[in-house]
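Beneath this line is the structure, given in structure tokens, with notes to follow.
Order of appearance sets the numbers: ligands from 1, and atoms from 1 within every ligand.
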Amino acid sequence: MTILVADNIASVGLEALEEAGHHVVDDASLNGDALVEALGREQPNILIVRSTKVTPEALDASPALSLIVRAGAGYDTIDVEGASARGIYVANCPGKNSVAVAELTIGLIVSIDRRIPDNVADARDGKWNKKTYAKAEGLKGQTIGVVGLGNIGEEVVRRAQAFDLDVVAWSRSLTPERAEDMGIGYCESAVDVARSASIVTLHVASTPETKHLADRSFFEALPKGSIFINTTRAAVVDEDALKWALEERGLRAGLDVFHGEPAVKQGSFESELAGHPNVYITHHIGASTQQAQDATALEAARVANTFSVTGDVPNCVNLASQSPATHQITVRHLDEVGVLARVLDEMSKADWNIQEMENEIFSGAKAAVATMRFNGDATDDVAERIEQQEKVLAVSVIEL
Ligand SMILES: NC(=O)c1ccc[n+]([C@@H]2O[C@H](COP(=O)([O-])OP(=O)(O)OC[C@H]3O[C@@H](n4cnc5c(N)ncnc54)[C@H](O)[C@@H]3O)[C@@H](O)[C@H]2O)c1
Ligand SMILES: O=C(O)CC[C@@H](O)C(=O)O
């Protein structure tokens, strides 16, 4: 297969793709129009990206494109709805960079508490300022609130507990029982977390539902002088409300993601937040440890290689969780040319729309059984007509 890699992925991943015999086109500079042009020129079957945006124009550029692999966790940079409408699989690499993000989260919290970056900056400037910097609160016994207990949230909980922090959390699937098993407090909402903690860290995916989850009411609920960490995506935070909290509530923030974050890997940028004395900005480097990069690249290669050999897509994020099929027909038949075509023809005449189908062959390859889930008006006479066909052995229809 032809695989276009439009971002920097670790060399172990590229090697795994090449060893599997693929034609790999590796160009980390591709973006926007250049990506569309490269897709049109190379006609890849698989596209592997990190933060590079995959737009509707990119989806239309290569008719051969069957799979997009996000070498990372969040896939909000890919037009997933557009991919689904075009029958293109989208997969990600869950859990491969979660330890790296959790480590950065804890690093930011300690940095803010002890003002490590300011200490260092002053020391580099030849300024000695123990008077100012000897005023940290200390973390032990404070309460940290985790919003979103996916792969990263769970890693953060483990590390926070090792720091003797009390942990409370809200996550859409968290139950009081699971919270108890994890040794953490259960909260009913993100605002409830904010109310209960003096350190809060966000780890929900960015979706239309989580947009501005950290809004004015969230920041109003946080105690004055709290620590706020965002390593997920800028869209989860209402930045005006964040700025209000920085000014009015003495909030201290560690942000690996923020609005207007540069899309390029290097260059200058302007940001009101970056210059704020209460804010430490990092360069969207949550996932950027060699360990995480290697694990993610190997997983991206595994997804691509599995698809090329079996047609299966590990970690697929855009298959319907439930098909809209209303009925299932099972057809036991002789395994001969044309039998299934005639069955499908009869189903088509009855306006039965097939959503899922499978045909399993019995040993000896004399007979097979086809199972199809469809949407339609399942009257008995259609099933009878199929059963009367030559070389069909038995037919049954059930309502789902
Ligand atoms: N800063 C970085 O470099 C970096 C690296 C990796 C991931 N991330 C971000 O962190 C996010 C979380 O990563 P993860 O590996 O823990 O992902 P995950 O899929 O394991 O967890 C996602 C969490 O989001 C929650 N969630 C999803 N949709 C939701 C909705 N509609 N409402 C409420 N909650 C919802 C899930 O319940 C889960 O708790 C990613 O989506 C990505 O945006 C950033
Ligand atoms: O690729 C990166 O550096 C960032 C990845 C990260 O945001 C993710 O969602 O996995």
Open item on the list: What protein heavy atom lies closest to atom 3 (O) of ligand 2? Include the residue and the distance to one decimal.
Closed with: R50 NH2, 2.7 Å
Task: For G148, atoms of ligand 1 separated by under 4.0 Å from a heavy atom - done: 39 (O)
Task: N97 and ligand 1 - part of the residue with a heavy-atom distance under 4.0 Å - done: side chain
- [ ] Give yes or no for whether the N/O distance cutoff of 3.5 Å, strictly under, is met between W170 and ligand 1.
- [x] no
Task: Any N/O pair G72/ligand 2 closer than 3.5 Å - done: no
Task: Identity and distance of the protein heavy atom lying nearest atom 19 (O) of ligand 1 - done: N151 ND2, 4.7 Å
Open item on the list: Regarding atom 4 (C) of ligand 2: of the candidates H284, R233, Q293, H283, which has the closest heavy atom?
Closed with: H284
Open item on the list: How far is atom 32 (N) of ligand 1 from the closest protein heavy atom, and which atom is that?
Closed with: T210 CG2, 3.5 Å
TODO: Please state whether the rings of F269 and F258 are parallel, tilted or perpendicular, taking 30° and 60° as the class boundaries.
DONE: tilted
TODO: Report, in ascending order of atom number, the atoms of ligand 1 lying under 4.0 Å from any heavy atom of G286.
DONE: 1 (N), 2 (C), 3 (O)
Open item on the list: Quick check on Y75: does its OH atom have over 12 non-hydrogen neighbours (other residues, nucleotides or ligands) under 6.0 Å away?
Closed with: no
Task: Which residue and heavy atom of the protein sit nearest atom 6 (C) of ligand 2, plus the separation - done: R70 NH2, 3.6 Å
TODO: Distance to 0.1 Å, residue and atom name: give those for the protein heavy atom nearest to atom 11 (C) of ligand 1.
DONE: T232 OG1, 3.5 Å
TODO: Considering only non-hydrogen protein atoms, determine which one is nearest to atom 35 (C) of ligand 1 and report residue, atom name and distance to 0.1 Å.
DONE: R172 NE, 3.5 Å
Open item on the list: To check your reading of the model: name the closest protein heavy atom to atom 12 (C) of ligand 1, its residue, and the distance in Å.
Closed with: H203 O, 3.5 Å
- [ ] For atom 16 (O) of ligand 1, find the nearest protein heavy atom and state the residue, atom name and distance (0.1 Å precision).
- [x] I152 N, 2.9 Å
Task: Interfacing atoms of ligand 1 (cut-off 4.0 Å, heavy-atom, V101) - done: 4 (C), 5 (C), 6 (C)
Open item on the list: Could you check whether atom NZ of K53 has more than 12 heavy atoms from other residues, nucleotides or ligands sitting under 6.0 Å from it?
Closed with: no
Open item on the list: Under 3.5 Å, is there a donor on one side chain and an acceptor on the other for T306 and D312?
Closed with: no
Open item on the list: Strictly below 4.0 Å, N to O, side chains only: are R178 and E154 in salt-bridge contact?
Closed with: yes
TODO: Answer yes when K243 and E247 have at least one side-chain N-carboxylate O distance shorter than 4.0 Å, and no when they do not.
DONE: no
Task: Protein contact of atom 10 (O) of ligand 2 - nearest heavy atom, named by residue and atom, plus distance - done: A73 N, 2.6 Å
- [ ] Compute the shortest N/O to N/O distance between A287 and ligand 2 and return yes if it is under 3.5 Å, no if not.
- [x] no
TODO: Determine, using heavy atoms of S171 and all atoms of ligand 1, whether some pair is separated by less than 4.0 Å.
DONE: yes
Open item on the list: Classify the ring geometry of H327 against F374: parallel below 30°, tilted from 30° to 60°, perpendicular beyond 60°.
Closed with: parallel
Open item on the list: Looking at S98 and I152, would you say the former's side chain and the latter's main chain have a donor-acceptor pair under 3.5 Å?
Closed with: no
Task: N or O contact, G150 vs ligand 1, cut-off under 3.5 Å - done: yes
TODO: Answer yes or no: is there an ion pair linking D76 with R233, defined by an N-O contact shorter than 4.0 Å?
DONE: yes
Open item on the list: Please check whether A287 reaches ligand 1 - meaning an N/O of the residue sits under 3.5 Å from an N/O of the ligand, judged on distance alone.
Closed with: yes
- [ ] Compute the shortest N/O to N/O distance between A205 and ligand 1 and return yes if it is under 3.5 Å, no if not.
- [x] yes
Open item on the list: Below 4.0 Å, non-hydrogen atoms only: which portion of L149 touches ligand 1? Side chain, backbone, both or neither.
Closed with: backbone
Open item on the list: Under 3.5 Å between any N/O of T231 and any N/O of ligand 1: does that happen in this structure?
Closed with: yes
Open item on the list: Does this structure show an ion pair linking E220 with R216, if we count only N-O contacts that are shorter than 4.0 Å?
Closed with: yes
TODO: Could you check which of E209, E155, H284, R233 puts a non-hydrogen atom nearest to atom 8 (N) of ligand 1?
DONE: R233
TODO: Tell me whether the guanidinium CZ or amine NZ of R249 lies under 6.0 angstrom from the six-membered ring centre of W244 and within 45° of its axis.
DONE: no
